[in-house]
Each structure stands twice: as structure tokens, then as C-alpha cells.
Amino acid sequence: MKIGVMAIQGDFREHKQMLRSLGVEAVEVRLPRDLEGLSGLIVPGGESTTIGMLAREYGLEGAVRERVRQGSLAVWGTCAGAIWLAKEIPEFPDQPRLAALNIAVQRNAYGRQVDSFEEDLEIVGFDRPFHAFFIRAPRILSVGEDVRILAKHNEEAVLVQSGGLFAGTFHPELGGDARVHQLFLSECRNISPA
Ligand code: GLN
């Protein structure tokens, strides 16, 4: 199985390392042709406006949208990547993005004083808490009926799934615990890549 990491901007190297530590072939994705043969794509944390603008310019946004529509690619967005997947950003409705996952998000939602924090999360299906790092994290304001909440922080969703689409507002590529990556990989195994 081959998994891509969108390598336009942000901390894609950490995701690649995490995948490689799990024995998975990990490739960097910048252009539509890089999607060939992939079962899954991770969109990393970083700056969601930069990632969104360049993904549109490189033709990647449209190519990913088509693969998602076919059901031939699972996609997981972390932090800025979650913003890229979100159908709604009420404050920035025109920000370029995939807009495929039925959630509404607010960028940089935890304010300046507390713009980074750590938290032990209970994640559905995990037998012990997951230590999560939130860095200038967005907030998931609401989720659609088709979206399953896998983890919450202060009663708000921080990890969600709808079919092959996952979004999380924290950084599971930091800290050396690979369980969220493994969760995504288990979904990718159900995909027949294009
Ligand atoms: N604040 C970033 C944004 O809005 C996301 C933060 C992150 O990915 N660590 O794009």
C-alpha cells in the first residue's frame, strides 16, 4: 500500500517519517500525477491559505476531488489540512480548499494566549489516551449528520470521520504515538486505488 503526503507546505516530513516507521511506502504529493496508485493522502498542518492556494494552482485540488468522488482515495487532514477539507469556514468562505467533508471550522480558534496546548484525548476504539498537541489549532464548530466524532476536547469534536475522509485539529505526527496514523491506514486498506 502506498500513501501520499501533500508536500506543498507545512510539516509533511514528520508524517512521512511516521508512515515509514510503520513500514508503509510514503510519497510526497505536489502534482496530480503524484496521486497515481495511492490509497490514501495525508494533508499536513501548516498554513491553510498557502496550502489551499498552491493546491488549486497545481491542479491538485481538482484531482483529489475527483478521486474522492470515485471513492478511490482516503484523505486525512490534520490541523491546516482539516481546514482544507472543511465544507464551511464561516469567516473565510472563499478560502481555496477541497470542501469535501461536512464540517464547519474556525481558524486559529483558541486565541493568542492559549494558541498551543497539549491534552490527553480519549479516541474511539483506543484502549488508552492519546497525547495530542494543538498548535494554533482550528476549532470544529459543527459536524454534519454523516460525520462521526472520534474524539472530543472540552465537549468539542477534534477528530472526525466520514467514510474515507478524516479530519483532526491536533498534530498526531508529533510525539511518536502512531495510533491515529494506524487508524487512517486501516481505512486506506479498504480503498482500491486509481
Ligand atoms: N493556523 C493554521 C491555519 O489556519 C493552522 C495551524 C496548523 O496547521 N498548525 O492555516
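Computed from a predicted model, the values in this text were never measured in an experiment.
Under a hydrophobic-cluster definition in which Ile, Leu, Val, Met, Phe, Trp and Tyr are linked whenever side-chain heavy atoms come within less than 4.5 Å, directly or via other members, Leu98 and Leu54 are assigned to the same cluster. Two different hydrophobic clusters hold Ile51 and Trp76 under the rule that ILVMFWY side chains link at heavy-atom gaps under 4.5 Å. Hydrophobic cluster membership differs between Ile42 and Val64, with clusters built from Ile, Leu, Val, Met, Phe, Trp and Tyr side chains linked at under 4.5 angstrom. Connection of Met53 to Leu60 is not established within any shared hydrophobic cluster, with ILVMFWY side chains joined at heavy-atom distances below 4.5 Å, either directly or through further cluster members. Using a 4.5 Å cut-off between side-chain heavy atoms of Ile, Leu, Val, Met, Phe, Trp and Tyr, with links allowed through other members, Val68 and Ile103 fall into the same hydrophobic cluster.
Here the closest heavy-atom approach between residue Leu101 and residue Ala167 is recorded as CD2-CB, 3.4 Å. Residues Ala63 and Leu35 come closest through the heavy atom pair CB-CD1, 3.7 Å. Between Ala7 and Arg30, the shortest heavy-atom contact is O-NE, 3.1 Å. Nearest heavy atom pair, residue Leu38 against residue Pro193, reads O-CB, 3.1 Å. Heavy atoms only, all atoms of each residue included: Ser192 and Ser72 are closest at O-CB, 3.5 Å. Residue Ala137 comes nearest to Cys79 through the heavy atom pair CA-SG, 4.2 Å, listed as atom of the first residue, atom of the second, then distance.
Residues in residues 49-62 take part in these salt bridge (charged side-chain N to carboxylate O under 4.0 Å, His left out) pairs, two or more places apart or across chains: Arg56-Glu61, Glu61-Arg65. Among residues at least two apart or in separate chains, there is no ring pair (Phe, Tyr, Trp, His ring centres under 6.0 Å) pair with a member in residues 31-56. Residue pairs meeting the ring pair (Phe, Tyr, Trp, His ring centres under 6.0 Å) criterion with at least one member in residues 36-74: none, sequence neighbours excluded. Counting only residues at least two apart or in different chains, side chain to side chain donor-acceptor pair (under 3.5 Å) contacts with residues 33-44 are absent.
Every side chain to side chain contact (heavy atoms under 4.5 Å, CB included) that Arg189 has, sequence neighbours left out, goes to Met1, Leu185, Ser186. When the ring-ring contact (aromatic ring centres under 6.0 Å, His included) test is applied to His153, the partners found at least two apart in sequence or on another chain are Phe117, Phe134.
Formation of a donor-acceptor pair under 3.5 Å by the Arg179 side chain with backbone atoms of Asp177 is not found in this model. Under the 3.5 Å distance criterion, the side-chain polar atoms of Arg107 are left unmatched by any main-chain donor or acceptor of Ser48.
For the atom pair Arg97 CZ and Thr49 OG1, the distance stands at 12.5 Å (nearest 0.5 Å). One finds the CD1 atom of Ile8 at 10.0 Å from the OG1 atom of Thr50 (value rounded to the nearest 0.5 Å). Atoms CZ and CG, from Phe166 and Leu85 in turn, are 11.5 Å apart once rounded to the nearest 0.5 Å. In this structure, CD1 on Ile191 lies 11.5 Å from CG on Leu41, to the nearest 0.5 angstrom.
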Just list the side-chain donor-acceptor pairs under 3.5 Å for residues 9-16, sequence neighbours left out, or say none.
residue: Gln9; atom: OE1; partner: Glu47; partner atom: N; Å: 2.8
residue: Asp11; atom: OD1; partner: Gly45; partner atom: N; Å: 3.4
residue: His15; atom: ND1; partner: His181; partner atom: NE2; Å: 3.0
residue: His15; atom: NE2; partner: Thr78; partner atom: OG1; Å: 3.3
residue: His15; atom: NE2; partner: Glu173; partner atom: OE1; Å: 3.4
residue: Lys16; atom: NZ; partner: Glu28; partner atom: OE2; Å: 2.6

Which atom pairs, donor and acceptor, lie under 3.5 Å between side-chain atoms of residues 17-26 and protein residues at least two apart or in another chain?
residue: Arg20; atom: NH2; partner: Ala26; partner atom: O; Å: 2.9
residue: Ser21; atom: OG; partner: Met18; partner atom: O; Å: 2.7

Under 3.5 Å, which donor-acceptor pairs link side chains of residues 86-93 to any protein atom two or more places apart or in another chain?
none

Which donor-acceptor pairs under 3.5 Å do side chains of residues 122-132 form with protein atoms, sequence neighbours excluded?
residue: His131; atom: ND1; partner: Asp120; partner atom: OD1; Å: 2.9
residue: His131; atom: NE2; partner: Glu118; partner atom: OE1; Å: 2.7

Return a table of donor-acceptor pairs under 3.5 angstrom between the side chains of residues 141-152 and protein atoms on other chains or two or more places apart.
residue: Asp146; atom: OD1; partner: Asn102; partner atom: ND2; Å: 3.1
residue: Asp146; atom: OD2; partner: Ser162; partner atom: OG; Å: 3.2
residue: Arg148; atom: NH1; partner: Gln161; partner atom: OE1; Å: 3.4

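By the 4.5 Å side-chain criterion applied to Ile, Leu, Val, Met, Phe, Trp and Tyr, Phe133 is assigned to a cluster that also includes Ile135, Leu174.
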